[in-house]
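Just so you know, ligand 1 is whichever comes first in the structure, and atom 1 is the first atom listed for that ligand. One-based numbering along the sequence shown. Bear in mind the structure is a predicted one, so any value in this text is a computation, not a measurement.
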Amino acid sequence: MPLFSSVRIGSLALPNRIVMAPLTRRRASAGKIPNELNALHYAQRASAGLIITESVEVDPRSGGNAPTRPGIFNESQAEGWRKVTEAIHAHGGRVYIQLSHLGRASHPLMLVDDQEPVGPSPIAAEGMAFTPQGPKPFPVPHALEEKEIPAIVAQFAHAARLAKAANFDGVEIHGANGYLIDEFLRDGSNRRTDNYGGSLENRARFLLEVTEAVIAIWGSDRVGVRLSPLNTFNGMSDSNPREIFAYAAQALNRMNLAYLHLVEPAPAEAEKTAPEITGLIREAFKGPLILAGGYTKERAEQAVASGIADLIAFGEAYIANPDLPERFRTGAALNAPDRSTFYGGDSKGYTDYPALEAAMSETA
Ligand SMILES: Cc1cc2nc3c(=O)[nH]c(=O)nc-3n(C[C@H](O)[C@H](O)[C@H](O)COP(=O)(O)O)c2cc1C
């Protein structure tokens, strides 16, 4: 079975091609500190070829939408993460941390001292921010001045250093889903006329600066990037996604990354556009490519067998199936995810989905 052949990403050898996609679950402790419950959740999923953590904030100003969204900008958070990485490693797994800055997809009520969210241009995200006082429309962000950008790149570097201290196996830069890096890439949210807007080179500059800063700490063989060329979440758009994402993939290709990770739209919407853009990126980026977005075991096997992907990341299936590789291998049925427990809460819907053995002994 193609999903069960080993594969290298950078300097890491993975026993299979099944990746646990980054999944925000909002169950960190006060101070955005990961805890024992988080460690158990991830350790239960250690048979994945690679685990990518939920989105983790690089700075108190990077825009978290709940006190329970974890961070990695101070020592206590790094200490909490060390418990998570130890638990995963003790169970034989490997884990990258997803570093993120939410940019305009935030709200003053979510930021320290009621600061304004930041973005490339003064254009509000569409939709609602889930603030401590309930849902509120996303505000017009403060458009970052060119001189403010190095400090944000430095936040990613600081977080990357702490991630190293926390014994992660590598870092995934969150360049997807309408957050700050994605906002710079796409011209629906980036109308700048300086060195960070306009041309493809300028719009990719922030992504590439962040990537270089993280590589300086980790080495390129321990750094991956996630992009979502067609995701319209939070009102994201681009007048020519093929151009900007093929450009970004070519530029990232020159950096010898551990991998590039693409979020594709779910198959129903994706039929026309996704295969084409994924194909362009596959051509431009010669290293390992991870695809995510509505994959079943069957579609995943086809994608790997056809060579369009090297690995497949699973989101919702991993929420409900801690032993997903074993279920795929044996053809066992999958547990169904409970959406009401996706965001926030306790062990319910987080660490209590049964593994196959437990499920079988219950029915025996
Ligand atoms: C509850 C939930 C939380 C998510 N959190 C993140 C996140 O923190 N970072 C990210 O890049 N994507 C996140 N995603 C997107 C997933 O990583 C994945 O791309 C998406 O679920 C599609 O894959 P699937 O169809 O296999 O679930 C999240 C998805 C869900 C359902």
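At least one heavy atom of Gly293 lies less than 4.0 angstrom from ligand 1. Using a 4.0 angstrom heavy-atom cutoff, Gly294 counts as in contact with ligand 1. Within the 4.0 Å heavy-atom cutoff, Tyr343 counts among the residues contacting ligand 1.
Counting protein heavy atoms under 4.0 angstrom from atom 28 (C) of ligand 1 gives one or more.
Heavy-atom proximity to Phe314, at under 4.0 Å, picks out these atoms of ligand 1: 26 (O). Residue Gln98 has at least one heavy-atom neighbour below 4.0 Å for each of these atoms of ligand 1: 7 (C), 8 (O), 9 (N), 10 (C), 11 (O). Close approach to Ala21 involves these atoms of ligand 1, each under 4.0 Å from a residue heavy atom: 17 (O).
Atoms CD and CD1, on Gln98 and Ile72 in that order, are 13.0 Å from each other to the nearest 0.5 Å.
The pair Arg339-Glu316 meets the salt-bridge criterion, with a side-chain N (NZ, NE, NH1 or NH2) lying under 4.0 Å from an Asp/Glu carboxylate O.
Summarising the geometry of Ala46 relative to His91, their closest heavy-atom pair is CB-CB, 3.6 Å, with the distance given to 0.1 Å.
Taking 4.5 Å as the limit, some side-chain heavy atom of Val210 sits within range of a side-chain heavy atom of Ile173.
Checking Glu264, Glu316, Arg226 against atom 11 (O) of ligand 1, the nearest heavy atom belongs to Arg226.
Donor-acceptor pairing under 3.5 Å is lacking for the side chains of Ser189 and Arg104. Between the side chains of Asn202 and Asn195, no donor-acceptor pair is found at a separation under 3.5 Å.
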